[in-house]
Amino acid sequence: MRSAGSSTAQSEERHADTPPDGGAPTGGLALELLVHGVGGTTPQEMLNDPRTERVTGDGTAAVYRRARDVDAEERPEEYADRPIPEAYSWANLTSGNSARALWLLLLPFMVVNLAHWTRPAATGRATLVRSHGVLVRLVALSLTVLLVAAACQVALDLVAWQCAGTPRCSEGRDWLGFLAAGPGEPGGWWSQPGRRLALAALVPAALTVLLWWLSHRTWSAYESQPPWREPVPQNTPRRGAAETSAGSTERVDGGAGTRTGSETPALCLPGFWYGRRHVARLRAAHTAAGFLTVAGALVAATTRFDRASGGDAVLEALGWGLGAVVVAGATAVLYVVCGRGRKEREPDDTLDSTAVRLLPGAAALVLALSVVHAAWSRPGWVSDGKLPGDATFGVLALLQGALVALLAVLGLLLHRTRRVPRTALAGLAAAAVAMLGCGLGGVLSGGVTQWAADWLGGSIAGPPTVLTWQAAAIPVLLGALLALLCAAALRLRRRADRLAEKVHQNYPEAVRDTSRSRRIGGAIARAGLTDAAPLLVGFVASVTPLLGAVAVAGSWFTGEVPGAAANGAPDVLDGFADTVQALGSYLIGLAFLLFLTWGRRAYRDQSARRTIGILWDVGTFWPRAAHPFAPPCYAERAVPDLVWRMATWPRQHAGRRLVISGHSQGSVLAAAAVWQLDPVTRRHVALLTYGSPLERLYGRWFPAYFGPSPLGSLHQDVVCWRNLWRLTDPIGGPVRLPRVTDRPEVDRGPLRDPLAYGRTPRQPLPAPILGHSDYQADPAFDQERDGLLDRLRGSGLPAQSGPER
C-alpha cells in the first residue's frame, strides 16, 4: 500500500516561491519532509524514484533523498521553484525483524498499556488523574502475575506434580523419566515431589528473566533517544518548570516551547517521549512480582505438606518465614508500582537504584531460598490431585474485575468535569480497554494451560476448575458477538443501498451506472464502520466481566467443571453445559496455537511479518506508562528523529521553509513532533496531513492528548495546517476544528473518490476507489502543499550560531 508520496515530477513545474501578489520570489530553500503511515512504505515509493540514498539515520529509521537531491543545498538555484523532497522511513521500528513476531504473546500487555492513555480529558482534577494511573498500573501488574501463574500451572502443577507423579502419564515420556517414580518403586533423587517442583520452577523463572531482558533490550534499541533541547545561551536562568499532563498553570520552557496557561498540551512537555526512570521502576517491580509468584507457588505447596504431615518443625517454620517474606516483597512491589507515575516536565534520565537493583535481586534471592526449601528431603511426600492455589486464578479474575470497575467510576467522574464531544464510550474507554486486556490475558493463560493438559492426556486431574469455566464462557461470548455483527452487517447493507442512490450526484457530468454506484456506496458504508468501533468494544467489555463473574462463582460454589456441575439438571441445560465446555476447551487451546502459528509464519514470511507490524503501528505509539513488558514504543525513537530534523534544517540558513507531510499514522507522528518544537521553529514549519486518524481515532479514544483542545492549540501554534480526507477512507477523517481568523480551515474534503465516476477521454479505464491510499494522486495534494509553502514565504529565521546540535 502506498501510504505517502510526493508528486515530484509535477512539482518540478510549479513555482512555490512566487508570492500570491505576483511579486518577486523572497523565500529560501523549501523542504518537504514525508512521513509514511501504517504498513511501511519504502523510500523509493515515497520519493517516486528507484534511486534513493540515506542522508541521516541508520538501518532502523532514517531520512532518504533521491540520489540527485543529496547535495541540493549546494545548488539552491535549481530548487528555487520546487521543494527538496525527503522521506522519513520508520517501518523497521515495527516490522521487518522476524524476532518481533514473538511480540504477539505480549498483546495483553500492549492493550492494558493503552488503557493508561485513554483516560478522559479533565481540568483541575489532578488527584483523580493520578488515581487513574495507579489503577491502570495495578491492572497491568495483575496481568504479569497471571502470565507467570499460568507458567507455574503448566510447569509445576500439570507436569512436575500431576504427570510426573502419575505413572500412567509419565510412562512413554522419556524426558520425564528421571522425575517420575515407577509403580511400587522408590524412584531416584528427583522423584520426590518437592524436588520436582524445585526443578520445574526454573521454567516460570526463566520466563520472567526473558520478559525483563526483552524490556531492557528494546528500551536500549528504541526508546533511549534523548529529546531535542532548544539551545539556551550561557548565563540564562531557566524560567520555570513545565506543567504535568494532569494540568497546571505553570510555565513551559525548554524544547517544548514557552507558553502560559492551563491548556498546555501534554505532548508539548519535554519529557513526554523519554521516561527512562518510570519504565525502569516498573520493569524492576514486575520482574520482582514474577519471581515472587513462583516463590509463592513453591512455598504454598511445601507449607501445606509440612503443616499437614506433622513433619519437620524446622522446615515448617522456615516455610512460614518464607511466606512472610514473599508477602513483604509483594508489599514492596505494590509500593513501587503505586508510588510514582510518569514525570513529563523534563527528560527523566535518573534511576532509582534501590528499586531498580535491590527489588528484583531480593526477589530472586527469595526464589532461590524457596527452591532450596522445596528441594529439601521430605520422605513420604506423594503428589496427589492438584497443587494448592487452584483459587489463584479466581482471585485474580475478581481483583481485575474490581480494578476495572473502579476505573469505570473514575472515568465517569473525569468525563463529567469536562465533557469532550465525541469521546469514545463517554469516559468508559479506559475501563473497556483494560477489560479487553484482561480478557486477552485470560485467553492466553487459559489457552496455554488447556493446551498443555490436552497434550499430557486425560490421566491427570487437569487445569484449575475456574479456567475450564472461563473457557466455557468463550462460546457464549462469541455467539453474542456474532449476533451483533450480523445486525451490523444488515445495517451496513441498508446504508450502502441508500448511498448508492445518491453517490452519482457528486459527478454531475457522469451518467449513472448502478453497479458503479453500488461499489462506491459500499466503500463509503464500510469506511463508516470505524465510527462504530466504540459500540463493539463496549459490548465485548461489558459482556466479558459478566461471564467472568459467572465462571468464578460456578467454580467456587460447585468445585466442578461446567459439564459435571450440570449433571442432574434438565437435559437442555445439561447438554448446553457439556457443549460449551467441550467447545470452549477447543477454542481456548486453538487460540494459543494460533498465536504460535502466526508467530512462526511471520518468522518465515516477510508479508506476514509486515502485516503483524501494522498492528504494532497503532498499539505501540504510546510510551510504556503502565506495563514495562509491553512491546516498545516506536514513537520514542521516531518523534525525536523528526524533531531534530525539523529543528536543525531551517536554522542553517535564513528563510528556509519546511512542510512536514504525514499520511495515516505518519500524520500522528508529524503532529507529535511539531508539538515538541520550540515556538521560533514552529513559525517556519507547515503541517500537511492526509488519511489522518488524528480526530477520528486518536481524538475520540485519547481525548486528553488529541482532543479538541490540544488539536486546537496545535492549529494556533503552527503557521498553517491543512488536512485532506475522503468518505471512502476507513481510517482518516476530518480534524473538525473551527476556523481561526485570517487562516484557512484545517480540513479540505471530502475529496472525490474515485476521481472519475466512469470512463472519460482522460480516464479510458474506470478510476480506482483509493480509500486510504494514494492521496498524492489527487490534484488537491499538490495544491495544498504548494499553498502551505506560499504561506511560509517571507518569514526569516536567523541561522543558528555555533555547531549544529
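Residue numbers start at 1 and run along the sequence shown.
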Strictly distance-based, threshold 3.5 Å: is any side-chain N or O of [X] a donor or acceptor partner for the main-chain N or O of [Y]?
X	Y	result
Thr303	Ala300	no
His627	Ala140	yes
Gln162	Ala461	yes
Arg340	Val336	no
Thr465	Ser555	no
Asn113	Pro623	yes
Arg276	Tyr274	no
Thr166	Arg168	no

(message) One pair to check against side-chain contact (heavy atoms from CB on, under 4.5 Å): Leu179 and Arg195. What are the steps and the verdict?
(response) CA-CA 9 Å; Leu179 293 176; Arg195 292 169 182 169; over 6 Å; no
(message) Centroid separation under 6.0 Å, is that true for the rings of Phe557 and Trp469?
(response) no
Would you say that [X] contacts [Y] through its side chain, given a criterion of any heavy-atom pair below 4.5 Å between the two side chains?
X	Y	answer
Leu398	Trp556	yes
Val404	Pro545	no
Val112	Val433	no
Trp622	Cys633	no
Trp320	Val325	no
Pro562	Thr468	yes
Thr302	Leu298	no
Leu147	Leu211	yes

To the nearest 0.5 Å, what is the distance between [atom1] on [X] and [atom2] on [Y]?
X	Y	atom1	atom2	result
Leu214	Leu210	CG	CG	4.5 Å
Leu318	Trp376	CG	CH2	9.0 Å
Leu399	Thr392	CG	OG1	12.0 Å
Leu365	Leu369	CG	CG	4.5 Å
Leu334	Leu141	CG	CG	6.5 Å
Leu93	Glu636	CG	CD	11.5 Å

For [X] against [Y], the heavy-atom pair lying closest together:
X	Y	result
Leu146	Gly442	CD2-N, 4.0 Å
Leu387	Ala301	CD2-CB, 3.7 Å
Pro108	Gly437	CB-O, 3.7 Å
Arg357	Pro360	O-CD, 3.8 Å
Pro204	Leu156	CG-CD1, 4.1 Å
His278	Arg624	CD2-O, 4.1 Å

State, without any angle test, whether [X] and [Y] hold a side-chain donor-acceptor pair at a distance under 3.5 Å.
X	Y	answer
Gln192	Ser377	yes
Gln450	Ser585	yes
Ser383	Arg196	yes

(message) Would you say that more than 12 heavy atoms from the other residues, nucleotides or ligands in this model lie under 6.0 Å from the CG of Asp454, or not?
(response) yes
(message) Atom CZ of residue position Phe178 - does it have more than 12 heavy atoms of other residues, nucleotides or ligands inside 6.0 Å?
(response) yes
(message) Looking at Asp352 and Arg277, is there a salt bridge between them, counting it only when a charged N and a carboxylate O are closer than 4.0 Å?
(response) yes
(message) What verdict does the side-chain contact (heavy atoms from CB on, under 4.5 Å) test give for Phe629 and Thr287, after you've listed the backbone C-alpha separation in whole Å, the side-chain angles of each residue and the deciding distance to 0.1 Å?
(response) CA-CA 9 Å; Phe629 297 156; Thr287 303; 3.7 Å; yes
(message) Checking Arg137 against Leu282 for the side-chain contact (heavy atoms from CB on, under 4.5 Å) test, could you report, in this order, the C-alpha distance in whole Å, the side-chain angles of both residues, the deciding distance, and whether it holds?
(response) CA-CA 9 Å; Arg137 293 197 295 274; Leu282 289 181; 4.0 Å; yes
(message) Please evaluate residues Gln400 and Ser142 with respect to the criterion side-chain hydrogen bond (donor to acceptor under 3.5 Å, both in side chains), reporting the C-alpha separation (whole Å), side-chain torsions for both, the decisive distance (0.1 Å), and the verdict.
(response) CA-CA 7 Å; Gln400 290 174 344; Ser142 71; 3.1 Å; yes
(message) Set out, in order, the CA-CA distance, both residues' side-chain angles and the distance that settles side-chain contact (heavy atoms from CB on, under 4.5 Å) for Thr544 and Val540, then state yes or no.
(response) CA-CA 6 Å; Thr544 298; Val540 175; 3.8 Å; yes
